[in-house]
Amino acid sequence: MIKNIVFDMGNVLVDYTADGVCRHFIEDPETRKKVSTSVFVSPEWILLDMGVMPEDMALKKMQARLDTEEERSLAALCFNRWHEFNMYKKEGMEDVVRWLKSMGYGIYLCSNASVRLLSCYKDVLPAVDCFDGILFSADVLCLKPQKEIYGHLFERFHLKPEECFFVDDLELNIEGARRCGMDGYCFDDGNVEKLREVLAGLNRR
């Protein structure tokens, strides 16, 4: 019997646009692309999600790939304020979370995200008051789909894998969860009504 619903954050509960902050602050398309790539499509970004690199060191490495002082300054601006412009509550998901909570499900979050999110997730997470537990990858020094992060989820919140159902936008992460005993649904099409139908069918199979 499924008792708990575990959500990913980016592109599930929250719409995420990697270059949103760059579009806000940088007019020139070429400069915008260079800065966005250097910051958000970088090995440092992954290391931040893993929680193994401090932000100041990551920024210096990102800036080192840029050619001008202006680009480096814009990289710092975008890096320091990305959480204000890159994430928005996904339309319809607050209703889904509250509906699940009203039916008695435990509601949890398991997301690849840097420590920055620990201080600001409440501003963007829909129905944040409904969550029984929040787990970010940087807090446990590992990433989905590594088995360790699912193990941390189950251990920290005293959950049984077979009683949990995972919603993520990447099939790779769903497969990782299944290998740990937690079934799930790949929400890669972003269709909220279809997701609701899947969730409504739980415990009826």
* Asked: Salt-bridged, K101 to D132, with N to O below 4.0 Å?
  -> yes
* To do: Would you indicate whether the side-chain heavy atoms of F131 and L13 approach each other to under 4.5 Å?
  => yes
* Asked: Do F40 and D19 come close enough that some side-chain heavy atom pair is under 4.5 Å?
  -> no
* Would you call D139-R156 a salt bridge at under 4.0 Å N-O? -> yes
* To do: Give a yes or no on whether a salt bridge exists between E197 and K194, defined as a side-chain N under 4.0 angstrom from a carboxylate O.
  => no
* Describe, in one word, how the ring planes of F157 and Y108 are oriented to each other, choosing from parallel (under 30°), tilted (30 to 60°) and perpendicular (over 60°). => tilted
* Heavy-atom pair with the smallest gap, counting every atom of L117 and W82 -> CD2-CH2, 3.3 Å
* To do: Answer yes if V124 and V115 sit in the same cluster of Ile, Leu, Val, Met, Phe, Trp and Tyr residues linked by side chain heavy atoms under 4.5 Å apart, and no otherwise.
  => yes
* To do: Mind listing the closest non-hydrogen atom pair of K144 and C110 along with its distance?
  => NZ-O, 3.1 Å
* Closest non-hydrogen atom pair between G176 and Y150, with its separation -> C-CE1, 3.6 Å
* Are L118 and M9 connected in the hydrophobic side-chain network, where two residues link if heavy atoms are under 4.5 Å apart? -> yes
* To do: Report the residue from K60, R65, K61 that forms a side chain to side chain donor-acceptor pair (under 3.5 Å) with E44.
  => R65
* Structure fact -> Heavy-atom nearest pair, L66 first then E71, reads CD1-O, 3.5 Å
* **Aromatic contact, F85 with F25 (centres under 6.0 Å)** => yes
